[in-house]
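Structure first, commentary second.
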Amino acid sequence: MAKLVVVGSINLDDTVRVHALPAPGETVLATDRWKGLGGKGANQAVAAALAGAEAQFFGCVGDDAHGTFLRESLAGFGVGERHLRKVPGSVSGRAIIMVDDQGENSIVVDAGANEQVTTDGLAELLASADAVLMQGELPARVVDEVSAMCEDAGVRFLLNLAPPIAVSQRTLRLADPLIVNQTEARALGVDAEEFPSRSLVLTLGAKGALAVGPDGSTQIPAYKVEAVDTTGAGDAFVGTFTAALAAGADFAQAAHQASAAAAYSVTRPGTSPSYGTPEEIAAALKL
């Protein structure tokens, strides 16, 4: 079983369903609501665990009731939470999410305790890790520190730079791969022909993904499904892709598995709770 460490954000997702996302200055009424585990780091750790990796989460929550809920939720998905630190006097991260009838979303994130993540204690996990995965929802200095630690330890470093933040050029060069969507790629000045990392995965939404690795580039088509909620689909892709790579799959194989996981996730509401096991995904998509 591949051993994966996810250093990342963890939030309480507070989601409401609306018929249409509000325009500036407009008030709309919710038609449904739910709460659940979220944050890019936590979502990706859950997706990786469901895909078969031994996923350990490294991050922070507040000393509030939400922190307890988030810790229990991670454990319920089979993610190791021993290195999820409780920050006294801090609130847990929270995301306010609106989802419309077409499955599109609008999200505001309050980082909370995620801003208090440090690398203290991380070396213990790196000693036995096959790969480390990070995102852009932690301070850039932490991402830079972790990438340097991975280089020193000889551990593969994967970076989903979402949202784009000002990490160092050294960190970008170490990313194997750098995973971004089209909007993030434009913000970073990255494309399939010119990118700063060792390898690249460019997610293209309904058009699938493009993986550029040591064996060349591979276009991965998306599965056609009826979207209920697209929130967290990118995280389903990233977590599944990372788990597959860490287990020895090549870029094309990992991207195909990840594309299926992302497609399955948009057919169900929520983020982490919408993810499935390989068996559930295969049955739903008739693979």
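The environment of CD in E226 is sparse: at most 12 heavy-atom neighbours from other residues, nucleotides or ligands sit within 6.0 Å.
Applying the salt bridge (Lys or Arg N to Asp or Glu O under 4.0 Å) test to residues at least two apart or on different chains, the pairs with a partner in residues 156-184 are E151-R170, R156-D176.
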Stepwise side chain to side chain contact (heavy atoms under 4.5 Å, CB included) check, L158 with M134: CA-CA 6 Å; L158 299 92; M134 291 196 74; over 6 Å; no
Stepwise side-chain hydrogen bond (donor to acceptor under 3.5 Å, both in side chains) test for D229 and T231: CA-CA 6 Å; D229 181 1; T231 313; 2.6 Å; yes
Candidate pair M149 and T119, rule side chain to side chain contact (heavy atoms under 4.5 Å, CB included), full reasoning: CA-CA 9 Å; M149 293 175 69; T119 57; 3.7 Å; yes
Worked verdict on L200 versus V180 for side chain to side chain contact (heavy atoms under 4.5 Å, CB included): CA-CA 8 Å; L200 174 73; V180 289; 4.2 Å; yes
Audit row: F57, I10, side chain to side chain contact (heavy atoms under 4.5 Å, CB included) steps and yes/no: CA-CA 9 Å; F57 187 80; I10 181 168; 3.9 Å; yes
Stepwise ring-ring contact (aromatic ring centres under 6.0 Å, His included) check, Y223 with Y264: CA-CA 9 Å; Y223 291 85; Y264 177 82; over 10 Å; no
Residues E81, R71; criterion salt bridge (charged side-chain N to carboxylate O under 4.0 Å, His left out); working and verdict: CA-CA 7 Å; E81 39 72 43; R71 183 183 300 277; 3.1 Å; yes
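Looking only at side-chain heavy atoms (C-beta outward), F69 and S92 stay at 4.5 Å or farther from each other. Here the side chains of T15 and V99 are in contact, with some heavy-atom distance below 4.5 Å. Inter-residue side-chain proximity for Q135 and V6 is flagged as met; some heavy-atom pair is nearer than 4.5 Å. Contact check for F251 versus V201: side-chain heavy atoms found under the 4.5 Å cut-off. Residues L161 and L188 are in side-chain contact: their nearest non-hydrogen atoms beyond the backbone lie under 4.5 Å apart. Between F77 and Y275 there is no side-chain heavy-atom pair separated by less than 4.5 Å. Using a 4.5 Å heavy-atom cutoff, the side chains of T31 and V18 are not in contact. Proximity of T171 to E145: side-chain heavy atoms (C-beta onward) are nowhere separated by under 4.5 Å.
Atom-to-atom distance recorded for E104:CD and M98:CE is 12.5 Å, nearest 0.5 angstrom. The distance from atom CG of L285 to atom CD of E280, rounded to the nearest 0.5 Å, is 11.5 Å. For the atom pair S73 OG and D13 CG, the distance stands at 10.5 Å (nearest 0.5 Å). To the nearest 0.5 Å, atom CZ of residue R85 and atom OG1 of residue T118 are 5.0 Å apart. Separating the CG atom in L172 from the CG atom in L159 is a distance of 7.0 Å, to the nearest 0.5 Å. Taking CG of N11 as the start and CG of L70 as the end, the distance is 7.5 Å to the nearest 0.5 Å.
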Can you give the donor-acceptor pairs under 3.5 Å from side chains of residues 32-39 to other protein atoms, not counting sequence neighbours?
from	atom 1	to	atom 2	distance (Å)
K35	NZ	D14	OD1	3.3
K35	NZ	D14	OD2	2.9

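Residues L125 and F58 come closest through the heavy atom pair CD1-CD1, 3.8 Å. Annotation for V143 and L138: closest pair CG2-O, 4.3 Å, computed over non-hydrogen atoms. Shown here for I220 and S259, the closest heavy-atom pair between the two residues is CG2-CB, 4.0 Å. In terms of heavy-atom proximity, A55 sits nearest to A45 at CB-O, 3.8 Å. In terms of heavy atoms, A20 sits closest to D100 at CA-CB, 3.9 Å. Pairing each heavy atom of A233 with each of A262, the nearest pair is O-CB, 3.5 Å.
In this model, no donor atom of one side chain and acceptor atom of the other lie less than 3.5 Å apart for T271 and D235. Looking only at atom types and distance, the side chain of T203 has no donor-acceptor partner in the side chain of N181 under 3.5 Å away. In this structure, a donor-acceptor pair under 3.5 Å is present between the side chains of N160 and Q44.
Q253 places a side-chain N or O within 3.5 Å of a backbone atom of D250 that can act as its donor or acceptor partner. Under a 3.5 Å cut-off, the side chain of S147 and the backbone N or O of D144 do form a donor-acceptor pair. Counting only distance, with no hydrogens or angles, the side chain of S9 and the backbone of K40 share a donor-acceptor pair below 3.5 Å.
L210 and F195 fall within a single hydrophobic cluster, where Ile, Leu, Val, Met, Phe, Trp and Tyr are joined by side-chain heavy atoms under 4.5 Å apart, directly or via other members. Hydrophobic clustering keeps V61 apart from V87 (ILVMFWY residues linked when any side-chain heavy atoms are closer than 4.5 Å, directly or through intermediates). Hydrophobic clustering (side-chain heavy atoms under 4.5 Å, transitive across Ile, Leu, Val, Met, Phe, Trp, Tyr) groups L174 together with V212. Taking hydrophobic clusters as Ile, Leu, Val, Met, Phe, Trp and Tyr residues chained together by side-chain heavy-atom distances below 4.5 Å, I165 does not share a cluster with V109. No chain of hydrophobic side-chain contacts below 4.5 Å, direct or via other Ile, Leu, Val, Met, Phe, Trp or Tyr residues, connects V79 to V132.
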